[in-house]
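Just so we're on the same page: letters track the sequence lines, and every chain starts at 1.
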Amino acid sequence: MALAETDTPKMTKSTHPALTMGRMLWRDKFAFFSALFLILMVLCALCGPTFLEDIATKQNLRGRNAPPFDFSKAWVYWLGGDALGRPLLARIIVAAQNTLFVATGAVICSLTIGTTLGMIAGYSRKVTSQIIMRLADVIMAFPSLLLAVIVLYMLPPSVGNLIVVLTITRIPVYLRTARAEVLEVRGRMFVQAATVMGASTPRIVFRHILPVILPTLVTIATLDFALVVLVESSLSFLGIGIQPPEITWGLMVSQGRPYLTSAWWLSFWPGLVIILTTLSLNLLSNWMRTALDPVQRWRLEIARKKQ
Amino acid sequence: MQSFLGKRAVASAISLVGLIILVFFLSRLTGDPTDLYLPVDASLESRERFREINGLNDPLLIQFVHYMGDLLRFDFGDSIRRSEPALEAVLRGFGWTLQLAVITMSLVTVSAIVLGSLAAFHVGGIFDRIATFFSLIGASAPDFWVAIVAIVIFSVGLGWLPTSGTGTPWHWVLPVAVLFIRPFGLILQVVRGAMITALHAPYVKTARAKGVRNRPIIFVHALRNALLPVITVIGDQTTAILNGAVVVETIFGFPGIGKLMIDSILQRDFNVILAAIMVTAFAIFLLNLLIDILYAVLDPRIRY
């Protein structure tokens with residue numbers, strides 16, 4: 001893992017790299033609580049549907065648009081009920097699965113494909129590189145909305161298809177970054193040394209160059225994760241993302257829109273969860289940028305010594 | 001400079017042609033417009049006539065050749081939905097979006113640069129923390145949600161602003177405010193980061209040693225050097241708005257190119273989709289060119 005590789009010898013006092021990271025995380029309270037919140041969300045995504053699926057889909061017409069903060073009811077109703085009387089809190093927890101699954105899938109796929117293409121573009125001859133870069137331009141200019149609609153019409157609506165759409169639109173980001181980084185790194189001494197020693201091109205690219213550029217790409221991926229959550233929500237909000245009866249947070253905001261004037265909580269809570277999730281990701285990514293960078297890392301360690 | 005311009009134009013033209021081909025064929029995968037525009041019980045005959053009028057009867061390849069031929073004469077075809085030239089509809093929408101983008105991005109640029117520089121000057125201070133925290137929230141907020149909440153508060157609750165449409169200057173307040181938030185958060189972060197680096201540079205120390213006051217140090221010495229990455233992000237964000245602030249335009253019923261685009265996609269109005277893509281692509285090409293020129297103006301070491 002990249003964390004272990006950037007670990008420098010001056011940290012010898014600490015027992016385990018993971019422990020050191022944990023301590024550094026605890027020192028930055030914002031990052032710590034972000035991590036905590038994200039873990040909570042992941043737990044919701046993993047366990048939520050198993051326990052709450054039935055409650056979240058059961059309609060209860062007497063509880064239509066039930067107002068929030070009514071603590072005399074069961075805890076799943078504490079955030080109110082939606083237009084069909086389904087408990088909002090339970091629905092938010094269940095929707096975490098789709099939302100996070102789509103975002104994780106899209107980020108991992110685009111990171112892998114984009115990085116591979118970017119490294120090929122950065123390390124290969126001019127023609128191949130040019131073709132890949134023009135391809136990236138085309139993808140960047142291709143309207144993602146159109147792509148989403150095409151996929152929606154062509155394939156049966158499913159979570160996987162949305163991942164495909166989001167992956168395609170996010171590939172250029174990693175491709176460009178990876179290519180720029182490779183162009184810079186390939187001129188360095190250790191790459192020349194590996195070449196002289198007779199290392200094959202795949203070995204140079206994957207064993208020698210990839211570990212150097214990976215921290216940058218992982219940081220971008222965390223930041224991108226937040227963006228993908230937002231894009232997915234927007235697509236679902238516009239009605240060209242996830243289709244009911246599947247739910248995501250963005251779809252919940254959209255479903256609450258007709259009741260804005262009478263029941264604000266229908267749209268408010270899912271939106272708030274989206275904000276908290278993306279905010280946590282951004283804060284954590286900020287922290288990671290420092291923690292993964294050996295040059296900047298002392299900033300986090302020195303804070304300890306001062307106290 | 002000329003060879004640079006030429007190369008850029010050629011590369012962009014290649015990408016644009018690739019894009020047109022892709023969009024032309026892929027958009028037709030969404031289905032036949034006839035089903036959308038004629039009633040379900042329309043006779044086969046009238047369906048035939050509708051296809052004939054809109055040139056949908058020929059094989060795809062022939063349609064494409066016709067389209068490209070017309071394009072060379074700057075004929076972008078007609079909109080099925082509005083029966084007017086596609087280019088006209090697109091340019092009208094683009095005009096609205098361009099105004100929206102210019103107003104929003106000028107506000108963003110000025111405020112993010114001033115506040116970001118001040119935050120960088122007092123790193124770790126109370127102002128810095130507040131600015132950083134709020135800019136992070138801004139960068140994390142989904143715009144459709146902010147738009148909805150803003151409508152509930154300012155239009156429905158307080159009744160200060162209209163909910164949607166255009167007409168008075170008041171109609172611009174909410175769309176601009178909602179579009180303002182994310183770019184503002186992102187750019188403030190970038191300005192702050194770049195300014196922290198710039199303020200630690202040796203030439204700032206020299207300026208201090210000469211006895212230059214704080215304000216010129218921030219806004220003249222450091223800022224000019226910190227601006228390069230900032231301009232890149234400003235360009236990206238402007239591009240995003242020009243590409244269609246779809247969500248914001250949809251919610252506020254703003255007749256911009258984003259709304260036109262999503263409507264045309266859902267209504268299978270192929271000519272308008274293609275024209276919209278070409279117009280925005282051209283605008284973005286010009287914008288990127290402008291940014292490259294700005295680079296060279298700001299940093300004399302950059303030459304093309």
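- A/Phe268 touches chain B through backbone and side chain together, each having a heavy atom under 4.5 Å away.
- No part of B/Ile284 comes within reach of chain A, as not one of its non-hydrogen atoms sits under 4.5 angstrom from that chain.
- Interface summary for chain A: among B/Ile251, B/Val146, B/Leu266, B/Ile151, the most heavy-atom pairs under 4.5 angstrom belong to B/Ile251.
- Interface residue B/Val23: backbone and side-chain heavy atoms are both found under 4.5 Å from chain A.
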- request: Give the intermediate values and the outcome of side chain to side chain contact (heavy atoms under 4.5 Å, CB included) for residues B/Ile14 and A/Asp137.
  value: CA-CA 10 Å; B/Ile14 293 174; A/Asp137 286 348; over 6 Å; no

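- From A/Leu147, atom CG reaches atom CG of B/Leu26 across 8.0 Å, with rounding to the nearest 0.5 Å.
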task: Please lay out, stage by stage, how B/Ile265 and A/Ile240 fare under the test side chain to side chain contact (heavy atoms under 4.5 Å, CB included).
output: CA-CA 11 Å; B/Ile265 291 173; A/Ile240 48 183; over 6 Å; no

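- Under a cut-off of 6.0 angstrom, the local environment of CD1 in B/Ile126 is sparse, with at most 12 non-hydrogen atoms contributed by other residues, nucleotides or ligands.
- Minimum heavy-atom separation, A/Ile275 to B/Ala141: CD1-CB, 3.8 Å.
- Between A/Gly271 and B/Pro142, the shortest heavy-atom contact is O-CG, 4.4 Å.
- B/Ile273 touches chain A through its side chain: at least one heavy atom from C-beta onward sits under 4.5 Å away, while N, CA, C and O do not.
- Within a 6.0 Å radius of CZ in B/Phe127, more than 12 heavy atoms belonging to other residues, nucleotides or ligands are found.
- At a 4.5 Å heavy-atom cutoff, the contact between B/Arg268 and chain A is made by side-chain atoms alone.
- Interface residue A/Leu272: backbone and side-chain heavy atoms are both found under 4.5 Å from chain B.
- In the displayed structure, B/Arg129 atom CZ is contacted under 6.0 Å by at most 12 heavy atoms of other residues, nucleotides or ligands.
- Around the CZ atom of B/Phe24, the shell of radius 6.0 Å holds more than 12 heavy atoms that belong to other residues, nucleotides or ligands.
- Contact of A/Leu279 with chain B is made through backbone and side chain together, with heavy-atom distances under 4.5 Å.
- Within residues 126-134 of chain A, the residues having any heavy atom less than 4.5 Å from a heavy atom of chain B are, in residue-number order, A/Arg134.
- Residue B/Ala281 does not touch chain A at all, counting heavy-atom pairs closer than 4.5 Å.
- Evaluated for a side chain to side chain contact (heavy atoms under 4.5 Å, CB included) with A/Phe237, the options B/Asp143, B/Thr250, B/Ile148 yield exactly one hit, B/Ile148.
- A pairwise comparison of heavy atoms in A/Thr278 and B/Ser140 identifies OG1-O, 2.7 Å as the closest pair.
- Only the side chain of B/Ile277 comes within contact range of chain A, with at least one heavy atom under 4.5 Å from a heavy atom of that chain.
- When all heavy atoms of B/Arg182 and A/Leu227 are compared, the pair lying nearest together is NH1-CD1, 4.5 Å.
- Listed here is the closest heavy atom pair of A/Val138 and B/Ser15: CG2-O, 3.5 Å.
- Of the listed residues (A/Ser267, A/Pro270, A/Gly250), the greatest number of heavy-atom pairs within a distance under 4.5 Å of chain B belongs to A/Ser267.
- Heavy-atom minimum distance, A/Ser233 versus B/Phe144: CB-CZ, 3.3 Å.
- Atom CG of A/Leu283 is separated from atom CD1 of B/Ile137 by 9.0 Å, given to the nearest 0.5 angstrom.
- No more than 12 heavy atoms of other residues, nucleotides or ligands sit less than 6.0 Å from atom CZ of A/Phe101.
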